[in-house]
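So the structure is just underneath, and the comments pick up after that.
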2 protein chains.
Amino acid sequence: MADVAEKAGVSRALVSIVFRNQAGAGQETRERVLRVADEIGYRPDSAARLLARGRSRTLGVMFTVQQTFHTDLITGIYPEAERLGYDVLLSGATRGRSEVKAVEALLSHRCEAVILLGPDAESAYLDELGQRTVAVSVSRRVPQARVDFVHTAEGKGVRQAMDHLVELGHRRIVHIDGGRGPGSAERRRAYRAAMRRHGLEAEARVIPGHHTEESGIETGRLLLAERDGGQPLPTAVLAGNDRCAMGLLMALTRAGVDVPRDLSVVGYDDSHLSHLMPIGLTTVRQDAALMAEHAVRFAVERLEKGELEPREAVLDPKLVVRGTSGPVLKEPGPA
Amino acid sequence: MADVAEKAGVSRALVSIVFRNQAGAGQETRERVLRVADEIGYRPDSAARLLARGRSRTLGVMFTVQQTFHTDLITGIYPEAERLGYDVLLSGATRGRSEVKAVEALLSHRCEAVILLGPDAESAYLDELGQRTVAVSVSRRVPQARVDFVHTAEGKGVRQAMDHLVELGHRRIVHIDGGRGPGSAERRRAYRAAMRRHGLEAEARVIPGHHTEESGIETGRLLLAERDGGQPLPTAVLAGNDRCAMGLLMALTRAGVDVPRDLSVVGYDDSHLSHLMPIGLTTVRQDAALMAEHAVRFAVERLEKGELEPREAVLDPKLVVRGTSGPVLKEPGPA
DNA sequence: TACTCGAACTAGAGCGCGCTAGTAGCGCGC
DNA sequence: GCGCGCTACTAGCGCGCTCTAGTTCGAGTA
């Protein structure tokens, strides 16, 4: 910085002003400083900057590396953060790297707030985190903790999906749940409620699963095995999320089951995977861009408006009917 | 820090020593300092630490948000970096956020080196980057640039795949390439060479594509349309990567084409997607963990051993035969 | 006793910025 | 001619830490 100042024939302070885009520098000087900086290859050192300023204007984002929906969220976080003048740091949780570790990395890099995408950590930890810093949880509700919360109205989404299936004549509708994954409990509950509401209580069946392709495949195998054992296939499956639905589809299609003729499949998320299949996945759309926007805004507002109470944003999901759901054919007689 | 020092009755320097776990402090004092720090809730400020130390011991990783193989690499980068005592910062390129922007973010956060996963930026930029800092390119060869390079021997991988297919009796083998994606040029060249070597020059056909599922689906549609127009399907397809192979599989399976009976498909990468399909994707395995390890090690060694020349690591790919490749049935007569 | 030596500790400069308080120069109105 | 306000710029302190070059002190050695 001193070099730039000298070479441009100004003081360091002026260079600082130029780089902060602040008033107080002539147009001509401004250009000269920028040109010289470019020549030298100078770039403001954010460590020093944030030390001097006392603020880092940086948001940390914790995500799970393999979750495709998280990448959709990240795609939405960047522009909104930039719009509000914040930097974004990513930290991934992987098999060998726990969420806690990922979050600690963010904090030690001086993030002012952390945005947690579908966190799976214990609520006690999340609460403590919320006390220590500004935290936003996306998708995962943490009832007692001091964290903002952004999610879609899971119940509403499931209800729409179920109404859609029932309208198509489905009765044997199975739900693969997402274990203790974010949103799973709500979806499970809504599924049960919908079955009850449609008088299908007796048919209700929740198969334990996860939010992964593997889980879908496993369930597919299970259902096929049952069929081969004489038990009829369900006519529709409501999967825990799109990845699970994808796995299921692969397993079933592979075994000659025609989707949606023999069986309808509905996913959840509308992650970018959903468009991929030639016939498209019928799914409950969570607006990732909008969720990301809310998460960023919550964090920034808490940072800038002092001690706000944590808030909650509930977005409306929307059923997107594509090719994997269709009317029930004639019910085959009891096997 | 000054508070801690005062309350513990020592100098700030001593507190610094304790927190850096350095020699030069008595056991008793050490404990007292730590206890006091805990009471006050003191945490060393990494910004100041970084500024004072002049080194951040942080590696920046630029990746493309939707590329599943990148997530495999990231999973491998974390543990190796930790082992060598380095922090990792992630920065994603997305639709609205160019690679350049992602890299600049890393640099301004004081990363000492950047690891670029399958970079797509112009070589001029990469070279400039290599001059300015320690840079490692994974998968993408940048001939003239001052960057380390980690990749798999693309030619070898393709050759193995092609030998496998030819051995199974395939002759009409088509290659969907990856455009100007990392490794694509090498794979394309190796495909052509293999066809020539097997005397199949006349059958060689490269269909332009990308490293995405969409591209596979599109190609699937194209091939099906050609079939419906009277032209026979190829008997095998070598896709540009796994994602492309996946898209292709979905399109074909969906249309009633039996893989591998009617057509064999081979992918590239062995990303975690490959295991997913019930029959498994035959693919060329790139060892993500090993690649990640090399990339990290290159970066760290260049950082610590002064002005080393950029190096290149070529790993051996390995054909993984799973369920999507099989022997050619009787060749149907000319349509 | 006089010294050496190492362990335990301290003073204080400096890392690269931002920011406050200031100065220089200039056109303006009265 | 004077004060006024405005723009363009500068001096220099301080952010919270690390690190070098010390100082102090007690034990060991001749």
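Scope of the values below: all heavy atoms of this structure, side chains included, with no hydrogens, waters or symmetry mates. Lettering of chains follows the sequences in order, A, B, ..., and the numbering in each one begins at 1. Note that the structure is predicted; figures quoted are calculated from it, not measured.
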**Item:** Length of the line joining Arg57(B):CZ and dT18(D):P, which is rounded to integer Å
**Value:** 14 Å

**Message:** With rounding to the nearest 0.5 angstrom, report the OG to CZ distance, Ser56(B) to Arg49(B).
**Reply:** 12.5 Å

**Request:** Name the nucleic acid region contacted by Ala25(B), choosing base, sugar-phosphate or nothing; use a 4.0 angstrom heavy-atom cut-off, strictly under.
**Result:** sugar-phosphate

**Request:** With the side chain of Ser11(B) defined as its heavy atoms from C-beta on, choose the nearest nucleotide among dG16(C), dA11(C), dG18(C).
**Result:** dA11(C)

**Request:** When you get a sec, tell me which of dT18(D), dC17(C), dC19(D) is the closest nucleotide to the side chain of Arg49(B)?
**Result:** dT18(D)

**Prompt:** Please give, in whole Å, the distance from dT7(D) P to Gln22(A) CD?
**Reply:** 14 Å

**Request:** Starting from C1' on dA11(C), measure out to CG on Leu14(B) and report it in whole angstrom.
**Result:** 13 Å

**Request:** Measure from the ring center of Phe19(B) to the ring center of Tyr42(B) and say whether it is less than 6.0 Å.
**Result:** yes

**Item:** Arg30(B) or Ala48(B), whichever maps to the more 5' nucleotide of DNA chain C
**Value:** Arg30(B)

**Request:** Rounded to the nearest 0.5 Å, what's the gap from CG on Leu51(A) to CG on Leu51(B)? Could you check?
**Result:** 5.5 Å

**Asked** Using 4.0 Å as the upper bound for N to carboxylate O, is an ion pair formed by Glu28(B) and Arg32(B)?
**Response** no

**Asked** Nearest to the side chain of Thr29(A) - dT10(D), dC9(D), dG18(C)?
**Response** dC9(D)

**Request:** Starting from C1' on dA8(C), measure out to CD1 on Ile17(B) and report it in whole angstrom.
**Result:** 8 Å

**Item:** Among dG16(C), dC17(D), dC9(D), the nucleotide that comes nearest once only the side chain of Leu51(B) is considered
**Value:** dG16(C)

**Prompt:** Watson-Crick or G-U wobble partner for dA11(C), using a 3.5 Å limit on both distances?
**Reply:** dT20(D)

**Request:** Let me know the distance between CZ of Arg110(B) and C1' of dG16(C), rounded to the nearest Å.
**Result:** 8 Å

**Message:** I want to verify a distance call: between dT18(D), dC19(D), dC17(C), whose nearest atom is closest to the Ser16(B) side chain?
**Reply:** dT18(D)

**Prompt:** Nearest nucleotide by nearest heavy atom, which residue falls closer to the 5' end of DNA chain C, Ala52(A) or Gly24(B)?
**Reply:** Gly24(B)

**Message:** Between P on dG18(C) and CZ on Arg12(A), what's the gap in Å once rounded to a whole number?
**Reply:** 10 Å

**Item:** Cys111(B) side chain reached by Leu89(B) side chain, heavy atoms, under 4.5 Å
**Value:** yes

**Fill in**
From CD of Glu31(B) across to P of dA8(C) the rounded distance in Å is 13 Å

**Message:** Side-chain N or O of Arg20(A) versus OP1/OP2 of dG18(C): is the shortest distance under 4.0 Å?
**Reply:** yes

**Message:** Please report the distance, rounded to the nearest Å, between CE in Met1(B) and C1' in dC15(C).
**Reply:** 14 Å

